J.: 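Got a structure for you, written out below as structure tokens; questions coming shortly.
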Amino acid sequence: MSDLYEKISDLAKRRGFFWPSYEIYGGVSGFYDLGPYGVLLKQRIIEKWRELFVRNHQEYVVELESPLIAPSVVFEASGHVEHFTDPIVTCKGTGRRYRADHLIEEALGISAEGMSTEEMSKLLRERGVKCPDGGEPGEVTTFNLLFKTQIGPYEGDVGYLRPELAQGMFVAFKRVLEAMRNKLPLGIAQIGRVGRNEISPRQAMIRLREFTIMEMEYFVDPEDRDGSCPFFEERAGTRLRILSYDAKAKGGEPQSFTVEEAVMEKVIVDKCLAYWMAVGQEFVEALGVPRHEILFVEKGPGERAHYSSQTFDQVVRTSRWGWVEVAGHSYRGDYDLSRHMSYSKADLTVFKQYREPLNVRVKKVMVDKGALGRLFREKTMEVFSRLQSLPAEVVEEQLAKEGKVTVDGYQVPKEAVRIEEVEEKVTGKKVVPHVVEPSFGGDRALYVAFEYAYREKEGRVILAFPRDLAPVQAAVLPLLENDEELIRTAREIYKALVREGFYVIYDDNGSIGRRYARTDELGVPAAITVDYKTLEDRTVTIRDRDSWNQVRVRAEDLPSALKKFLRGAPLESLP
RNA sequence: GCGGCGGUAGUCUAGCCUGGACUAGGACGCCGGCCUGCCAAGCCGGAGGUCCCGGGUUCAAAUCCCGGCCGCCGCACCA
């Protein structure tokens with residue numbers, strides 16, 4: 001047993017936190033089970049995220065639950081169907097991979113568009129195309145990270161497992177906006193599972209084919225981005241360690257900025273993005289990761305997704321895999337909503353009402369429908385609607401220059417069209433919100449919490465989770481394992497704590513030292529020992545997992561003392 | 001997907017090279033009993049194994065060979 005990762009895997013399996021799924025059938029990589037204590041730990045991590053992102057911002061941020069499976073059109077609109085499917089060949093000998101369609105286009109000058117993989121394979125073989133490295137291309141295969149399925153009994157009804165939560169928020173945006181009374185900013189958060197059919201997942205829980213994401217789409221007014229972050233001041237002074245793309249390209253080191261400085265110096269392009277990065281930092285610190293082990297790394301233009309104008313990976317140092325991305329913070333602009341508007345024809349804009357209605361003089365295209373009707377007969381309405389779609393300025397210019405208007409091949413003489421300037425009252429305008437997206441990997445968060453909690457002390461193992469994250473909060477232990485009186489009292493205290501809503505372990509098996517050691521391995525912050533003094537005066541001892549110190553409190557005060565302790569109060573303050 | 005290394009009770013491992021007495025050994029953990037007035041003490045007993053899977057070689061395979069699966073590392077990939 002050499003490194004921390006191995007110790008953690010061992011402990012996690014042995015004590016029921018997590019392990020690879022389907023082991024009895026040989027296992028399938030990219031899938032992990034969470035055991036009894038893993039489930040509890042994850043619940044606490046999720047609850048911490050929810051507290052920081054949703055509950056603390058509940059005026060603006062709300063939660064959504066949307067389906068795991070979506071019809072294909074959703075991911076056509078999002079660009080996933082297109083961007084997740086690549087025909088690829090592996091070249092024999094070198095093992096290098098190339099895009100099969102690119103290879104064909106370059107070598108043969110033929111467009112491979114619409115060809116099946118079989119056709120491409122056949123073509124490559126028949127025409128003797130070589131790989132750029134001189135090797136022989138193998139069979140063409142398709143790599144699409146979307147898990148494909150079928151919705152209902154008809155084969156044409158293709159569905160996909162979502163590879164991210166974001167599309168659920170975009171698709172339901174209109175409804176949520178309405179429920180929140182049509183105001184920006186609006187954050188829609190979601191915690192849920194996603195599937196990505198990774199080509200070759202490794203790294204245990206770090207890269208999975210199915211995992212939990214905790215994500216928020218924070219919709220802002222594109223014309224008032226700064227005003228969309230009303231809580232900015234709360235974290236303006238928080239320091240973030242940032243490695244900007246420029247600095248990275250020059251081989252530079254990360255720099256520390258306050259959130260405010262990062263925005264002022266345009267290291268972070270958007271105030272909201274910066275704010276949520278600071279919340280993200282607080283979340284990861286709450287997992288037990290010290291601030292100096294957290295870093296924000298900006299993605300370069302070629303590295304980030306097509307929709308993003310700025311993306312930071314929030315990374316945490318791990319023992320085995322170095323810096324691991326636990327979150328992505330992206331400025332997604334209006335890409336997603338615009339795409340869904342054009343695919344669905346739904347209006348996903350937000351109406352911004354002005355304080356005072358504006359009176360504006362606008363030019364309008366006025367059409368003489370009688371004249372139009374005589375000229376175009378049954379095509380009249382089509383010509384009319386096309387004319388309406390042209391900006392008045394364009395029509396005016398054409399009339400002035402050519403004395404007629406040409407639209408989609410129809411020529412409309414000036415007798416049928418004129419430009420009029422009218423006074424109009426404008427009460428507001430429609431905008432397509434921009435989106436700031438912090439997105440966290442739940443399972444990576446769990447792994448990271450595990451790694452930072454792992455301690456060894458005097459040859460024993462302790463999981464020193466932050467107390468409020470611990471899967472089980474207390475253990476109740478009779479001092480001796482064969483004294484009926486101690487056992488009966490201990491069981492009463494155990495039941496009382498369970499009634500108060502705690503997760504508690506009762507254990508009377510083995511020496512007291514052995515039982516302390518067991519609870520330390522599960523990360524139980526408080527061990528309650530029932531001894532002979534308890535029988536006399538109804539007091540018990542509370543032992544702190546981290547210091548192994550003990551204090552004595554009255555049994556009836558135990559629930560409130562435990563609550564205080566879990567919130568971080570020092571042991572000595574409890575009696 | 002390519003290359004290297006590995007896979008033996010819950011966990012870690014011995015055995016593998018040099019096939020046979022391996023009915024697969026140990027440690028820790030787990031369960032029961034005794035003991036025990038606070039940190040994995042001791043004693044007794046117990047449960048727990050598809051030796052990763054499949055095929056082959058052989059009189060005989062945990063052990064040798066081939067294929068597969070899974071894991072780790074490097075490369076590739078990672079909207």
Side-chain angles (χ1 to χ4, degrees), chain A residues 1-3 5-7 9-16 19-31 35 75 78-86 88-99 133 135 138-139 141 143-146 163-164 166-167 196-204 206-209 299 302-308 311 313 320-321 325 328 330 332 335 457-462 477-483 486 507 509-521 527-535 540-541 543-545 547-550 552:
Chain A
M1 288 246 282
S2 46
D3 73 356
Y5 165 78
E6 282 174 25
K7 291 174 177 177
S9 304
D10 172 23
L11 178 60
K13 272 189 229 174
R14 211 153 37 78
R15 289 301 187 184
W19 54 78
S21 302
Y22 310 116
E23 282 181 308
I24 66 165
Y25 289 107
V28 183
S29 64
F31 298 94
F75 295 115
S78 72
H80 285 91
V81 170
E82 186 186 347
H83 288 95
F84 259 29
T85 311
D86 287 338
I88 289 182
V89 280
T90 302
C91 296
K92 293 169 187 165
T94 64
R96 295 195 182 281
R97 320 205 113 183
Y98 298 92
R99 282 278 292 267
D133 56 35
E139 291 299 303
T141 51
F143 287 156
N144 188 335
L145 297 202
L146 290 173
E164 60 171 19
Q167 300 313 318
R196 299 180 186 186
N197 203 0
E198 298 283 350
I199 294 160
S200 165
R202 293 228 190 105
Q203 303 174 306
I206 299 298
R207 227 167 123 210
L208 297 171
R209 289 190 164 117
K299 298 267 229 177
E303 301 165 327
R304 61 178 180 247
H306 51 286
Y307 49 71
S308 170
T311 297
D313 282 349
R320 187 160 195 147
W321 297 297
E325 181 190 347
S330 293
R332 288 178 84 132
Y335 176 84
K457 181 172 174 180
E458 298 174 20
R460 291 169 25 175
V461 173
I462 298 151
L477 318 169
L479 183 62
L480 298 180
E481 57 179 323
N482 63 353
D483 185 310
L486 287 178
D507 188 357
N509 183 328
S511 73
I512 188 70
R514 178 189 296 267
R515 285 177 276 151
Y516 287 145
R518 271 203 287 260
T519 64
D520 286 345
E521 265 193 1
I528 314 300
T529 310
V530 172
D531 56 18
Y532 289 102
K533 198 155 188 299
T534 310
L535 303 182
V540 294
T541 61
R543 169 193 178 270
D544 173 19
R545 172 196 68 200
S547 66
W548 296 0
N549 293 333
Q550 286 178 306
R552 196 164 265 282

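Protein chains get the first letters and strands the later ones, always in sequence-line order, with residue 1 at the start of each. Please read these numbers as outputs of a predicted model, since none were measured by experiment.
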J.: Does A:E481 use its side chain to pair, donor to acceptor, with the backbone of A:G510 at less than 3.5 Å?
T.: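 Checking the backbone N and O of A:G510 against the side chain of A:E481, a donor-acceptor pair under 3.5 Å is found.
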
J.: Could you work out, with ring-ring contact (aromatic ring centres under 6.0 Å, His included) as the rule, every residue matching A:Y516, not counting sequence neighbours?
T.: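 Scan of A:Y516 (ring-ring contact (aromatic ring centres under 6.0 Å, His included), adjacent residues dropped) gives none.
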
J.: Report which part of the nucleic acid A:W19 touches: base, sugar-phosphate, or nothing (heavy-atom distance under 4.0 Å, all strands).
T.: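 No contact.
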
J.: Verify salt bridge (Lys or Arg N to Asp or Glu O under 4.0 Å) between A:R14 and A:E521, making sure each step is shown before the conclusion.
T.: CA-CA 10 Å; A:R14 211 153 37 78; A:E521 265 193 1; 3.5 Å; yes

J.: Carefully, step by step, assess A:T529 and A:R515 under the rule side chain to side chain contact (heavy atoms under 4.5 Å, CB included).
T.: CA-CA 10 Å; A:T529 310; A:R515 285 177 276 151; over 6 Å; no

J.: Using the salt bridge (Lys or Arg N to Asp or Glu O under 4.0 Å) rule, take A:R514 and A:D507 through it: C-alpha gap first, then chi angles, then the decisive distance, then the call.
T.: CA-CA 10 Å; A:R514 178 189 296 267; A:D507 188 357; over 6 Å; no

J.: How far, in whole Å, is B:C17 from B:C65 if one measures between their P atoms?
T.: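 Rounded to whole Å, the distance is 9 Å.
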
J.: Is B:G1 paired to anything, Watson-Crick or G-U wobble with both distances less than 3.5 Å, and if yes, which nucleotide?
T.: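 With both distances under 3.5 Å, B:G1 matches B:C75.
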
J.: For each nucleotide in nucleotides 36-42 of chain B, reading 5' to 3', give B when a protein heavy atom comes within less than 4.0 Å of its base, S when such contact involves only the sugar-phosphate, and - otherwise.
T.: BBBBBS-

J.: Over how many whole Å does the gap from A:D10 atom CG to B:C30 atom P extend?
T.: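 Atom-to-atom, A:D10 to B:C30, this comes out as 13 Å.
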
J.: Would you mind telling me which residue lines up with the more 5' stretch of RNA chain B, A:D507 or A:K13, judged by nearest nucleotide?
T.: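 With A:D507 and A:K13 compared, the 5'-side residue is A:K13.
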
J.: How about CZ on A:F31, more than 12 heavy atoms from neighbouring residues, nucleotides or ligands closer than 6.0 Å, or not?
T.: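 Yes, because the 6.0 Å sphere around CZ of A:F31 holds more than 12 heavy atoms from other groups.
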
J.: Mind checking the P distance from B:C75 to B:C39? Whole angstroms is fine.
T.: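 About 50 Å, rounded to a whole number of Å.
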
J.: Between the protein and nucleotides 44-55 of chain B, list every N/O to N/O distance that falls short of 3.5 Å.
T.:
from	atom 1	to	atom 2	distance (Å)
B:U50	O4	A:I24	O	3.3

J.: Taking B:C44 as the reference, what is the distance to B:G49 when you measure between their P atoms (whole Å, please)?
T.: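 Result for the P pair: 24 Å, nearest Å.
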
J.: Suppose you measure atom C1' in B:C69 against the same atom in B:A27; what distance do you get, rounded to whole Å?
T.: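 Straight-line distance between the two C1' atoms is 30 Å.
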
